[in-house]
Amino acid sequence: MPIASVNPATGETLQTFEPLDAAGVEQRLARAEAAFHGYRGTPFAARAELMHRAADLLDRDQEVVARTMTEEMGKPLAAARAEAAKCAKAMRWYADNAEALLADEHPAPADVADSGAARAYVRYRPLGPVLAVMPWNFPLWQVVRFAAPALMAGNVGLLKHASNVPRTALAIEELFRRAGFPEGCFQTLLIGSGAVEGVIRDRRVAAVTLTGSEPAGRAVAATAADEVKKAVLELGGSDPFVVLPSADVDAAVRTAVRARVQNNGQSCIAAKRFVVHTDVYDRFTAGFTEAMRALKVGDPMDEGTDVGPLASRQGRDDLEELVEDARTRGARVECGGGRPTGWDTGWFFEPTVLTGITPAMRIHQEETFGPVATVYRVADLDEAVAVANDTPFGLSANVWTTDEAERERFVRDIQAGGVFFNGMTASHPALPFGGVKRSGFGRELSGHGIREFCNVTTVWIG
């Protein structure tokens with residue numbers, strides 16, 4: 001079946017590609033293996049020069065790359081430009097810091113004296129070709145936050161991107177080629193999901209990283225485990241956004257809107273469940289609903305658009321089912337709740353606020369991938385913590401409070417890979433990113449991310 005690039009704002013098929021056959025996959029795997037044997041020995045300075053060149057090219061081509069992303073998956077054009085700029089920043093950060101992050105580690109001589117060593121140290125060495133199975137929602141950023149550290153560590157990359165963003169996937173391969181990375185250092189595999197298992201099992205693939213759905217993560221992790229290969233998973237999220245009485249409620253409302261509808265609401269780290277103390281519940285909910293209702297839904301190429309379409313018809317249909325299930329079970333629709341008028345084509349959904357959520361509703365436990373927010377009223381701090389943790393996911397959390405004791409309580413008790421106070425969750429090259437529970441395992445970004453795909457080697461000298 002051809003791999004198609006379809007504009008989600010119009011439903012128009014922009015371009016189709018034939019997936020690689022077995023011979024094409026084999027050619028790319030052989031090329032990756034050959035590339036690794038040469039590239040792994042390049043000095044950090046040479047890798048950094050290549051990565052800086054890629055960042056410069058991305059900055060130069062930002063508008064073209066941004067339009068390709070918007071055409072393929074529907075994010076507002078301004079957000080696509082910001083994504084490209086963020087990727088260039090991350091490339092430069094790893095170019096400038098990788099050598100220090102992977103420097104040899106030398107324990108104190110006294111600590112290893114009883115081992116009989118005259119000298120001992122730890123060295124980080126690259127593993128080999130790493131397969132990245134990436135999603136469509138941040139089609140450039142998700143790839144770069146894998147590729148920049150992996151390449152700077154001396155690994156080579158194989159990208160199996162989401163099938164609805166093939167043009168972006170090919171553009172990334174072309175970016176690294178134009179920057180001067182040796183042939184085979186970064187390759188896109190235009191293959192369907194059914195071909196992923198065979199690539200993971202190939203002896204030449206050293207490890208795999210996936211960002212995507214829980215079912216996809218389970219499948220990839222099971223195959224990697226069967227092959228005894230390293231895996232890093234970043235899966236779904238249903239992040240809480242907790243507002244306590246000491247919060248700046250107006251600032252919380254403004255941030256809550258951005259945190260919920262970023263990327264048209266299709267982000268694993270978007271705030272999805274708004275957990276609000278009863279003392280400020282009415283004020284927050286009224287302001288939040290008003291601001292969500294005022295957002296402009298429309299053509300993502302229009303500079304004035306706040307919320308574009310969902311990336312696929314199936315995504316919109318799934319979201320409609322969740323909202324309808326909540327509605328029929330007693331949830332109150334404060335605003336939105338369906339498809340906007342005036343859009344007969346494309347996969348649009350109104351910014352929506354739901355209250356009166358109960359555990360009987362699917363939306364209480366399932367991730368909402370679209371501009372739909374659920375708001376909960378809680379009586380005290382203990383209930384806020386309990387509701388925040390009442391999810392199978394544990395990616396990140398947002399908490400609004402100026403009380404230091406309340407902050408420490410959330411740092412101690414929140415079941416998440418990160419907690420952001422008085423702001424919205426965001427990924428940054430210098431900070432580790434990842435989750436717990438069904439949000440996955442392992443970390444991306446920072447020193448933790450670059451070391452995930454390294455052989456941590458003990459060197460002992462007698």
Side-chain angles (χ1 to χ4, degrees), residues 4 6-11 73-75 135-137 162-165 193 211-219 235-241 257 259-275 288-289 292-293 295 297-298 300 306-376 387 390-393 395 437-439:
V6 179
N7 187 330
T10 65
M73 56 71 57
K75 70 173 72 227
W136 47 262
N137 57 336
S163 293
N164 61 330
V165 290
S193 58
T211 298
S213 68
E214 184 183 341
R218 287 177 182 275
L235 308 179
S238 191
D239 290 6
F241 187 106
V257 175
R260 176 61 284 218
V261 303
Q262 60 174 309
N263 208 45
N264 303 338
Q266 301 165 120
S267 171
C268 51
I269 57 170
K272 300 181 177 79
R273 299 175 300 122
F274 296 82
V275 181
F288 183 48
T289 301
M292 289 283 280
R293 186 184 290 116
L295 292 171
V297 178
D306 298 309
V307 180
L310 299 189
S312 68
R313 176 182 284 110
Q314 186 61 56
R316 184 197 59 193
D317 293 348
D318 291 345
L319 194 63
E320 284 181 327
E321 288 180 10
L322 281 179
V323 171
E324 186 58 27
D325 174 80
R327 193 198 319 257
T328 58
R329 295 178 185 273
R332 177 183 172 89
V333 180
E334 304 291 345
C335 70
R339 304 178 190 183
T341 58
W343 287 95
D344 297 328
T345 60
W347 304 310
F348 294 88
F349 199 87
E350 297 173 300
T352 299
V353 176
L354 302 176
T355 58
I357 305 301
T358 70
M361 301 169 187
R362 289 174 53 199
I363 206 167
H364 179 70
Q365 288 292 308
E366 297 181 31
E367 182 179 17
T368 51
F369 226 57
V372 175
T374 54
V375 185
Y376 296 77
V387 172
D390 188 20
T391 171
F393 302 105
L395 195 53
K437 300 197 291 189
R438 292 188 180 179
S439 288

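Here, residue 1 is the first one in the sequence, and each next residue gets the next number.
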Participant: Under 3.5 Å, side chain of Thr368 to main-chain N/O of Gly370, donor-acceptor pair present?
Facilitator: no

Participant: Are side-chain heavy atoms of Arg273 and Thr374 found at a separation under 4.5 Å?
Facilitator: yes

Participant: For Trp136, check ring-ring contact (aromatic ring centres under 6.0 Å, His included) against everything at least two apart and list the hits.
Facilitator: Phe369

Participant: Only one of His364, Glu366, Gln365 forms a side-chain hydrogen bond (donor to acceptor under 3.5 Å, both in side chains) with Arg362, so which one is it?
Facilitator: Glu366

Participant: Sequence neighbours left out, what passes side-chain contact (heavy atoms from CB on, under 4.5 Å) with Ala219? Give chain and number order.
Facilitator: none

Participant: Can you pull the salt bridge (Lys or Arg N to Asp or Glu O under 4.0 Å) pairs that have at least one residue in residues 344-357, sequence neighbours excluded?
Facilitator: none

Participant: Please determine whether salt bridge (charged side-chain N to carboxylate O under 4.0 Å, His left out) holds for the pair Arg313 and Asp317, giving the CA-CA distance in whole Å, both sets of side-chain angles, and the decisive distance to 0.1 Å.
Facilitator: CA-CA 6 Å; Arg313 176 182 284 110; Asp317 293 348; 5.4 Å; no

Participant: Sequence neighbours left out, what pairs pass side chain to side chain donor-acceptor pair (under 3.5 Å) with at least one residue falling in residues 331-341?
Facilitator: Glu320-Arg339, Arg332-Glu334, Glu334-Thr355

Participant: Under the rule for ring-ring contact (aromatic ring centres under 6.0 Å, His included), what residues qualify as partners of Phe288, not counting sequence neighbours?
Facilitator: Phe274, Phe284

Participant: Out of the candidates Val297, Asn264, Leu310, Leu295, only one should pair with Pro371 under the side-chain contact (heavy atoms from CB on, under 4.5 Å) rule; please name it.
Facilitator: Leu310

Participant: Checking Pro8 now: which residues fulfil side-chain contact (heavy atoms from CB on, under 4.5 Å) with it, not counting sequence neighbours?
Facilitator: Pro309, Trp347

Participant: Answer with yes or no whether the side chains of Ser238 and Arg438 bring together a donor and an acceptor at under 3.5 Å.
Facilitator: no

Participant: Which heavy atom of Met73 sits nearest to which heavy atom of Asn263, and what is that distance?
Facilitator: CE-OD1, 3.9 Å

